[in-house]
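For reference, the structure discussed in these notes is given below.
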Amino acid sequence: MSSTPQPQPPRPTLEDLLRFKRAERPSPEFWAEFDRGLRQKQLAALMKRPKGWARWSPVLGRSLRWAVPATAAAAVALVVVQIPFSTASRPVPVEVASRPAVEQASPTTPVAHAPSLTTVAVASRPHEDEEPAAVVVAEVAPSTATEVASVAPTETERTLPWSAASLSSGSNFRMGAVTLASVSSAPEPRRPRSSWTSRFTEITRELSAQQASERMLQLASLDLPSSAQPALDSAGGAFAPAGSTERQRSERDFRDLESRFGVTGSSLSIKF
Amino acid sequence: MELIKAVSRILVASPERQAEADADTSVVQQVRAGDVAAFDQLVLKYRERIYSIIYNLTSNREDAADLTQDAFIKAFQSINRFGGQSSFFTWLYRIAVNGAHTHLRKNRLRTFFSIEQASEEEKTPEWLGQLAVEAGAEKELFARDLQQRLNEAFQKLSIKHRTVITLFEIDGLSHAEIAEIMECSEGTVRSRLHYAKTQLQADLQDLLKR
């Protein structure tokens with residue numbers, strides 16, 4: 001008995017199966033339909049315009065590439081430039097003494113012709129590291145109050161440097177005070193606030209204690225002007241005692257001024 | 001089969017392939033210059049290959065047709081951005097594969113087979129008739145069932161493994177070209193190819209030669 005081996009039925013390999021799968025192809029009719037659909041989509045794509053941001057995105061993309069670092073650099077530069085100004089331009093406290101019969105006027109109100117005007121100007125800088133403070137008070141005697149000018153902070157800042165210079169060169173304190181008011185009301189070209197405060201700071205630094213005392217001595221040696229006498233007379237007994245001679249009155253005023261002017265360190269104070 | 005693969009690998013760097021790439025580049029230049037009709041040459045040249053890849057990735061002929069059209073439209077719209085660092089067909093394949101991947105990820109839970117008919121010459125291998133006899137089915141019906149079975153096995157693979165085996169076994173691209181299209185290393189391509197084949201063999205074990 002001889003047994004012949006059964007022939008192995010043909011079995012596919014993985015490559016055969018993959019080749020069979022590769023044979024899955026669409027018919028020619030499919031490609032006609034495919035081409036038609038593609039043509040429509042192509043035309044739609046040609047006709048379609050980008051909307052909204054898509055239209056500007058290429059332009060914005062190009063410009064923003066430089067805008068972002070440029071803006072950052074500008075911001076840094078602005079901060080660097082602003083730091084010194086902001087340090088110098090801190091608001092200067094201005095006190096306006098309010099008394100009865102004191103009415104405020106606008107900075108442009110002329111006060112030079114006020115007949116009974118007496119002026120108190122206080123500029124003090126107690127310490128070098130502190131912010132300079134300025135107080136300007138303009139008042140009249142309660143009985144003869146006619147006009148008071150309260151100077152706005154910006155005006156004060158402009159006035160104080162001038163008043164320091166005027167004290168050294170002027171010959172009459174009262175006239176200086178009158179001039180102070182007139183100058184403070186005179187129109188001046190506007191400057192940036194920071195430059196004013198810087199100027200003020202520079203001038204107050206220049207005004208050392210020695211210079212201040214010299215100026216006090218100069219003031220003390222001054223006579224009251226004759227032109228100011230009508231104002232004093234019209235102010236009443238408080239400022240012009242009846243029956244005294246002009247010389248006596250001047251001496252009394254001088255003593256009064258001397259006692260009221262005080263120089264301490266780097267600060268100058270004038271009191272009434 | 002191995003010979004075909006070897007020849008196809010040699011062809012990758014062959015002067016013919018280089019001349020083909022140069023021809024594509026000149027057509028691209030024409031399209032860029034405003035000759036829109038020149039793009040039809042590229043469509044006619046690559047539409048079947050692109051469709052075949054996307055079809056084997058999706059196992060749905062309608063989706064494959066739409067995605068193939070979309071790939072060509074996207075290539076047409078972006079042709080000014082084609083830098084020429086790679087060949088045009090690599091660039092076009094990348095667009096098509098990425099579009100198919102996006103579609104598959106969006107429709108991860110939806111699997112609907114719409115299978116093409118196999119061409120006549122591949123319908124009558126000897127093993128197909130034998131398997132049909134063993135199954136007790138008509139050859140034609142068995143061929144349809146086998147196609148369904150193969151597509152199911154493909155869909156069980158991950159998207160990346162499916163892409164690698166499709167590009168290598170169905171389209172005949174080299175490891176280097178697949179690596180360029182999928183933006184990965186050749187080693188990764190080989191690894192994925194080996195894993196995909198192992199998975200397919202395990203899934204189709206009852207059909208394969210023991």
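All values below come from the heavy atoms of this structure, side chains included, with hydrogens, waters and symmetry mates left out. Throughout, a chain's letter reflects where its sequence line sits, starting with A, and its residues are numbered from 1.
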Is it true that a side-chain atom of Gln69(B) and a backbone atom of Lys41(A) form a donor plus acceptor pair closer than 3.5 Å?
-> no
Nearest 0.5 Å please: distance from the [atom1] atom of [X] over to the [atom2] atom of [Y].
X	Y	atom1	atom2	answer
Phe20(A)	Leu146(B)	CZ	CG	5.0 Å
Glu169(B)	Leu17(A)	CD	CG	11.0 Å
Leu18(A)	Phe154(B)	CG	CZ	5.5 Å

Winner by heavy-atom pair count (cut-off under 4.5 Å) against chain A, out of [options]:
options	result
Leu150(B), Val36(B), Leu44(B), Leu131(B)	Leu150(B)
Ile170(B), Asp70(B), Leu204(B)	Ile170(B)
Thr166(B), Val133(B), Asp66(B), Ile165(B)	Asp66(B)

Can you check whether [X] reaches [Y] side chain to side chain, under 4.5 Å on heavy atoms?
X	Y	answer
Trp127(B)	Thr13(A)	no
Phe39(B)	Gln42(A)	yes
Asp40(B)	Asp35(A)	no

Which atoms form the tightest heavy-atom contact between Ala45(A) and Ile73(B), and what is the distance?
-> CB-CG2, 4.0 Å
With Asn56(B) as reference, evaluate Glu24(A), Arg22(A), Lys21(A) under the side-chain hydrogen bond (donor to acceptor under 3.5 Å, both in side chains) test and give the passing residue.
-> Lys21(A)
Should we say atom [atom1] of [X] is surrounded by more than 12 heavy atoms from elsewhere, each under 6.0 Å from it?
X	atom1	value
Arg32(B)	CZ	yes
Lys45(B)	NZ	yes
Tyr195(B)	OH	no

Ring geometry between Phe30(A) and Tyr51(B) (parallel below 30°, tilted from 30 to 60°, perpendicular above 60°) = tilted
Under 4.5 Å to a heavy atom of chain A? For Arg47(B) that would be both
